[in-house]
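Side chains included, hydrogens not; waters and symmetry mates left out as well; all remaining heavy atoms used. Throughout, numbering of the chain's residues begins at 1 and tracks the sequence. Predicted model, so just to flag it, every value in this text is computed and none were measured.
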Amino acid sequence: MTQMNYTDKIRVAIIANGKYESKRVASKLFTAFRNDPKFYLTKKNPDVVITIGGDGMLLSAFHMYENELDKVRFVGIHTGHLGFYTDYQDFEVDTLLKRLRLDSGSKVTYPVLKVTITLLDERVITALALNEGTIKRVEKTMVADVIINHVKLERFRGDGLAVSTPTGSTAYNKSLGGAILHPTIEALQLTEIASLNNRVYRTLGSSIVVPKKDKIEIIPKRRGNYIVSVDNRTFSYKNVAKIEFEIADQKVSFVETASHTSFWQRVKDAFIGEDEA
């Protein structure tokens, strides 16, 4: 019998939230992987990251490994409500294990958002988002110029603006009235947050789908405190000079399995439910 070398093993990281059911599933996975010579459990430089919880847990794991997106694949187990990023339910652990043992490295990839924040003191902060990035002004109405592909589209007045990825189109973007995009479409979506529209001030008033080649720039016209959110992380900045959104060079990869198939089935399950009899 030939013993597998350390480098031949699939390196697996398990990330779970603190809920009882998630801990139970994680314990079962830890036991299975420890007893299987094909796998090596580690959170350092993993090949596969398994998240247990919901979409929020997968978002957190994405940011843990956002500097290793070219090497890592994700797969999610949901222990609560149905998620868009979680392929397996808590009672399908054995199915996941079986498929990972037969895994050939195949993957499904989706676009990621690059967010670049430039402050008035010339500091530049960059971040990646799986779902969306938003900017809001804290004290008063936000006034900002919206520039797309070097063309000034409008001077926005309102609570803020959100830019989402295709996978993020079913999240905050949808609650703002934005469209749902299939995750294989490499595009951004700009959506207004409570825009001010009257006889004096006007905005386009609808979400905008922007192709991969175009960059979205938002230039605040008033000094003050701004809240910038990148997925489930929130930052406070004073005196933002501009914030730029574009499709990143990196992509997020998921383990390709039979469970990771129909996006439209996920949309139906999440927002519509079963057909009426």
* To do: Check whether any side-chain N or O of Thr165 sits under 3.5 Å from a backbone N or O of Leu113 as a donor-acceptor pair, and report yes or no.
  => no
* Structure fact -> In short, Ala187 meets Ile247 closest at the heavy-atom pair O-CD1, 3.8 Å
* Taking all non-hydrogen atoms of both residues into account, name the closest pair between Ser60 and Asn232 and its distance. => OG-ND2, 3.3 Å
* Asked: Taking the side chain from Glu154 and the backbone from Val146, do they hold a donor-acceptor pair closer than 3.5 Å?
  -> no
* When the ring planes of Phe62 and Phe74 are compared, do they come out parallel, tilted or perpendicular, using 30° and 60° as the limits? -> tilted
* **Other residues, nucleotides, ligands: >12 heavy atoms within 6.0 Å of Arg223 CZ** => no
* **Least distance between heavy atoms, Ile135 atom then Pro220 atom** => CD1-CG, 4.3 Å
* Is the backbone of Asp231 close enough, under 3.5 Å, to the side chain of Ser229 for a donor and an acceptor to pair up by distance? -> no
* To do: Report yes if some heavy atom in the side chain of Thr234 is under 4.5 Å from a heavy atom in the side chain of Ile227; otherwise report no.
  => yes
* Not counting sequence neighbours, list each pair that qualifies as a salt bridge (Lys or Arg N to Asp or Glu O under 4.0 Å) and has a residue in residues 69-79. => Arg73-Asp103
* Point-to-point distance, once rounded to the nearest 0.5 Å, from NE2 of His78 to OG of Ser22 -> 11.5 Å
* Asked: Do Ile243 and Thr116 touch side chain to side chain, with heavy atoms closer than 4.5 Å?
  -> no
* To do: Could you grab the distance from atom CD1 of Ile218 to atom CG of Leu161, nearest 0.5 Å is fine?
  => 4.5 Å
* To do: Apply side chain to side chain donor-acceptor pair (under 3.5 Å) to the pair Arg99 and Tyr88, showing each step before the final yes or no.
  => CA-CA 12 Å; Arg99 288 173 178 169; Tyr88 294 88; 3.3 Å; yes
* Quick one: do Arg233 and Glu66 make a salt bridge, cutoff under 4.0 Å? -> yes
* **Donor-acceptor pair, side chain of Asp214 and main chain of Asn149, under 3.5 angstrom** => no
* Decide, yes or no, whether a salt bridge links Lys251 with Glu186 under the criterion of side-chain N to carboxylate O below 4.0 Å. => yes
* Same cluster or not: are Val112 and Ile185 linked, directly or through other Ile, Leu, Val, Met, Phe, Trp or Tyr residues, by side-chain heavy atoms under 4.5 angstrom apart? -> no
* To do: Answer yes or no: is there a side-chain heavy-atom contact under 4.5 Å between Thr170 and Asn131?
  => no
* **Whether Glu92 side chain and Gln89 backbone form a donor-acceptor pair below 3.5 Å** => yes
* How long is the gap from CE on Met64 to OG1 on Thr51, to the nearest 0.5 Å? -> 11.0 Å
* Asked: According to a 4.5 Å side-chain heavy-atom criterion applied to Ile, Leu, Val, Met, Phe, Trp and Tyr, with indirect links allowed, do Phe235 and Ile193 form part of one hydrophobic cluster?
  -> no
* Salt bridge between Lys136 and Asp159, side-chain N to carboxylate O under 4.0 Å? -> no
* Using the side-chain contact (heavy atoms from CB on, under 4.5 Å) rule, take Lys9 and Phe39 through it: C-alpha gap first, then chi angles, then the decisive distance, then the call. => CA-CA 5 Å; Lys9 297 184 179 183; Phe39 301 100; 5.9 Å; no
* **Beyond-backbone contact of Leu153 with Ile147, side-chain heavy atoms, under 4.5 angstrom** => no
* Do other residues, nucleotides or ligands put more than 12 heavy atoms under 6.0 Å from the CD atom of Glu139? -> yes
* To do: Determine, step by step, whether Phe254 and Tyr110 satisfy the ring-ring contact (aromatic ring centres under 6.0 Å, His included) criterion, reporting the C-alpha distance in whole Å, the side-chain angles of both residues, the deciding distance to 0.1 Å, and the verdict.
  => CA-CA 8 Å; Phe254 293 88; Tyr110 299 136; 5.7 Å; yes
* Asked: Does the side chain of Trp264 reach to within under 4.5 Å of the side chain of Ile180, using non-hydrogen atoms?
  -> yes
* **Check: Glu132 side chain, Ala171 main-chain N or O, donor-acceptor pair, under 3.5 Å** => no
* To do: Starting at CG of Leu188, measure out to CD1 of Ile208 and round the result to the nearest 0.5 Å.
  => 11.5 Å
* For Val252 and Thr109, what are the C-alpha separation, side-chain angles and deciding distance, and is it a side-chain contact (heavy atoms from CB on, under 4.5 Å)? -> CA-CA 5 Å; Val252 62; Thr109 60; over 6 Å; no
* **Closest non-hydrogen atom pair, Thr141 against Gly158** => CG2-N, 3.4 Å
* Structure fact -> Shortest non-hydrogen pair, Met57 vs Asn17, comes out as SD-N, 3.3 Å
* Any donor-acceptor N/O pair, Asn35 side chain to Thr31 backbone, under 3.5 Å -> yes
* Asked: Of the non-hydrogen atoms in Lys107 and Ser253, which two are nearest, and what is the gap between them?
  -> CD-OG, 3.6 Å
* Donor-acceptor contact present, side-chain Ser175 to main-chain Tyr172, <3.5 Å -> yes
* **Chi angles and distances behind the side-chain contact (heavy atoms from CB on, under 4.5 Å) call for Tyr85, Thr167** => CA-CA 9 Å; Tyr85 294 121; Thr167 47; 3.1 Å; yes
* To do: Identify whether Phe30 and Val48 are in the same connected component of the hydrophobic contact network (ILVMFWY, side-chain heavy atoms under 4.5 Å).
  => yes
* Asked: Any side-chain heavy-atom pair from Asn239 and Leu119 closer than 4.5 angstrom?
  -> no
* To do: Can you establish whether the number of heavy atoms outside Tyr20 located under 6.0 Å from its atom OH is more than 12?
  => no
* Under a 4.5 Å cut-off applied to non-hydrogen side-chain atoms, are Met142 and Tyr226 in contact? -> yes
* Could you give me the CA-CA distance, side-chain angles and deciding distance for Gln189 and Ser207, then say whether side chain to side chain donor-acceptor pair (under 3.5 Å) is met? => CA-CA 7 Å; Gln189 187 168 180; Ser207 63; 3.1 Å; yes
* **Arg11 bridged to Asp47 by N-O distance under 4.0 Å** => no
* Asked: Stepwise, does the side-chain contact (heavy atoms from CB on, under 4.5 Å) test hold for Ile125 with Thr118?
  -> CA-CA 7 Å; Ile125 302 102; Thr118 303; over 6 Å; no
* Working to the nearest 0.5 Å, report the span between CD1 of Ile50 and CD1 of Ile15. => 10.0 Å
* Indicate yes or no: at least one non-hydrogen side-chain atom of Leu41 is less than 4.5 angstrom from one of Ile14. => yes
* Any chance you could measure Lys38, atom NZ, to Leu100, atom CG, to the nearest 0.5 Å? => 8.5 Å
* **Check: Asn173 side chain, Gly168 main-chain N or O, donor-acceptor pair, under 3.5 Å** => no
* **Charged N-O contact under 4.0 Å between Arg266 and Asp87** => yes
* Going only through I, L, V, M, F, W and Y residues with side-chain contacts under 4.5 Å, is there a path from Leu59 to Tyr65? -> yes
* Do you reckon Ile148 sits in the same ILVMFWY cluster as Ile117, going by side-chain contacts under 4.5 Å, direct or chained? -> yes
* Could you tell me whether Glu244 and Lys215 make a salt bridge, using a distance below 4.0 angstrom between a side-chain N and a carboxylate O? => yes
* To do: Using atom types as modelled and distance alone, determine if a side-chain donor or acceptor of Arg222 lies under 3.5 Å from a backbone N or O of Ala144.
  => no
* Mind running salt bridge (Lys or Arg N to Asp or Glu O under 4.0 Å) on Asp145 and Lys242 for me, showing each step along the way? => CA-CA 9 Å; Asp145 286 343; Lys242 67 177 177 178; over 6 Å; no
